[in-house]
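Note that the structure is predicted; figures quoted are calculated from it, not measured. Indexing begins at 1, ligand by ligand and atom by atom, following the structure's order.
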Amino acid sequence: MRRKIVAGNWKMNMDIPQSKNLVEDILKQNINKQVEVILIPPFTSLAMISEKCLGSNIRTGAQNCSNRSDGAYTGEISAGMICSTGAEFIIIGHSERRAYYGDNNAILKEKTDLVLQTGMQAIFCCGELLPEREIGKHFEIVKKQISESIFHLKKELITQIIIAYEPVWAIGTGLTASPEQAQEMHKFIRGLFTEKYGKETAESLSILYGGSCKPSNAKELFANIDVDGGLIGGASLNASDFAGIINAF
Ligand code: PGA
C-alpha cells in the first residue's frame, strides 16, 4: 500500500500566536489515522509546531531551504537547521518559489540533494502554467522539472521523495484540475519513475495533488488510483476544512 498523505502548506501566513491557535485547533479534530498528516508552517513557527505535535500522528515540514549547506549566506536557512527543529519534510520547488525567487531546476536539484543528505524527505513540486497546458506542453514541462532535479538520484533515495503535482493555474485560484486531468498527469509522472527506476519504486512513490483542493472536491480527486493525497494551501488554514480534506480518504 502506498502512503496516503495530506500536507498543509501555510505559506507566508500565521505569526507565532496564530500558529499556536491553528495547531491546537487541528490537534482537536477527529482525523483519519490512516493518513499521514504534515503541517508546513513558516520557519518562525516550525520548532514550536513540531514540539506541539510530538506524541500525535501529525508531522511537520518546511516550505523551502537554502541550496547551500552552511556558511556566509545571510538570511538563508539550511536543511540541517530545519532538521534540528524536529521537521521531517521540506517542500522543494513550489511554483511560488520558481516564479518569484528564481528557483530553477538546477537550484532545485541542489536543494533536493541537501534535504536527502539530512535524512529528511523532499516534497518535490512540479506543474505547468496555463499557457503551457493550452499549447499541449504540460507533460513535457513536468517531465523536464522532474528529470532535471530528481533523476540524478540513486534508486535507494527515491523512498525519500514525495511528488506534488500542482498545476500553477489551479493554485489559489479556485480553479481545480478535474479528477481526470489530475489522474492523467499523476499516471504520466508514475510512468516516468517506472521508466527510470522500475515498477516497484514507482508504485511505492506517493504523488500528491495541489491546487484549490477543498473538502468539497477532495473526495473525487483522491478517488483516483494515482492520486495519493494532497498539498493544501488556502484550505489548510482552517482546522475543520483541513480535517475535512484528510477525512475525504
Ligand atoms: P491552494 O495552494 O490550495 O491555496 O491552491 C496549494 C499550494 O500552493 O500548495
Side-chain angles (χ1 to χ4, degrees), residues 4-14 18-19 22 26 35-43 45-46 49 58-65 82 87-103 108 111-112 115 121-130 132-133 138 141-142 145-146 149 161-179 181-182 185-186 189 206-222 224 227-249:
K4 302 287 182 205
I5 300 169
V6 174
N9 171 15
W10 295 3
K11 307 194 180 184
M12 199 172 72
N13 296 294
M14 302 289 149
Q18 290 168 331
S19 297
L22 182 53
I26 292 171
V35 181
E36 270 185 51
V37 178
I38 307 167
L39 300 184
I40 311 184
F43 288 129
S45 302
L46 191 50
I49 302 267
I58 299 181
R59 297 153 84 190
T60 56
Q63 299 171 16
N64 177 41
C65 69
I82 292 167
E88 296 170 74
F89 303 85
I90 304 183
I91 297 180
I92 296 296
H94 190 280
S95 66
E96 288 149 18
R97 301 289 321 168
R98 293 177 188 266
Y100 311 139
Y101 301 100
D103 279 10
L108 297 172
K111 292 188 177 190
T112 303
V115 175
Q121 298 176 49
I123 302 176
F124 183 84
C125 299
C126 55
E128 79 287 354
L129 304 168
L130 188 55
E132 293 166 341
R133 177 168 279 267
H138 43 303
I141 294 290
V142 166
Q145 290 169 336
I146 292 178
S149 305
I161 299 285
I162 295 162
I163 297 289
Y165 168 58
E166 302 205 302
V168 180
W169 47 271
I171 297 179
T173 57
L175 292 174
T176 316
S178 68
Q181 285 171 321
M185 182 60 87
H186 285 224
I189 293 170
S206 292
I207 307 177
L208 316 184
Y209 168 80
S212 300
C213 186
K214 315 182 258 277
S216 58
N217 59 24
K219 205 173 183 133
E220 49 176 6
L221 285 162
F222 297 168
N224 291 286
V227 179
D228 306 305
L231 179 55
I232 318 301
S236 73
L237 298 174
N238 177 291
S240 66
D241 285 353
F242 189 54
I245 293 173
I246 297 163
N247 293 337
F249 272 113

Numbered atoms of ligand 1 (with element) below 4.0 Å of His94, judged on heavy atoms: 7 (C), 8 (O), 9 (O)
Side chain to side chain donor-acceptor pair (under 3.5 Å) assessment of Ser45 paired with Ser19: CA-CA 7 Å; Ser45 302; Ser19 297; 2.6 Å; yes
Using distance only, find each side-chain donor-acceptor pair of residues 230-237 under 3.5 Å and give its atom names and separation, not counting sequence neighbours.
residue	atom	partner	partner atom	Å
Ser236	OG	Ile232	O	3.2
Ser236	OG	Gly233	O	2.7

Which atoms of ligand 1 are found less than 4.0 Å from any heavy atom of Leu231? 6 (C), 9 (O)
Test of proximity, Gly210 against ligand 1: N or O pairs below 3.5 Å: no
Would one find an N or O of Ile171, backbone or side chain, under 3.5 Å from an N or O of ligand 1? no
Fit a plane to each ring of Phe222 and Phe249, take the angle between them on a 0 to 90° scale, and name the class: parallel (under 30°), tilted (30 to 60°) or perpendicular (over 60°). parallel
Can you list the atoms of ligand 1 that are under 4.0 Å from a heavy atom of Glu166? 6 (C), 7 (C), 8 (O), 9 (O)
Is there a heavy atom of Ala235 sitting under 4.0 angstrom from any atom of ligand 1? no
Asn9 neighbourhood, listing ligand 1 atoms whose heavy-atom distance to it stays under 4.0 Å: 9 (O)
Hey, is Lys11 one of the residues with a heavy atom under 4.0 angstrom from ligand 1? yes
Could you check if a side-chain atom of Val37 sits within less than 4.5 angstrom of a side-chain atom of Phe242, using non-hydrogen atoms only? yes
State which residues pass side chain to side chain contact (heavy atoms under 4.5 Å, CB included) with Gln181; sequence neighbours excluded, sorted by chain then number. Arg133, Trp169, Ala177, Ser178
If the threshold is 4.0 Å, N to carboxylate O, is there a salt bridge linking Glu36 and Lys4? no
Ligand-side contact atoms (ligand 1) for residue partner Gly172, heavy atom cut-off under 4.0 Å: 1 (P), 4 (O), 5 (O)
Heavy-atom distance under 4.5 Å between the side chains of Glu166 and Leu208, does that happen here? no
When only distance counts, is Gly233 in polar contact with ligand 1, meaning an N/O pair under 3.5 Å? yes
Enumerated ligand 1 atoms positioned under 4.0 Å from heavy atoms of Gly234: 1 (P), 3 (O), 4 (O)
If you round to the nearest 0.5 Å, how far is SG of Cys213 from NZ of Lys219? 13.0 Å
Against ligand 1, does Ala170 come closer than 4.0 Å with any heavy atom? yes
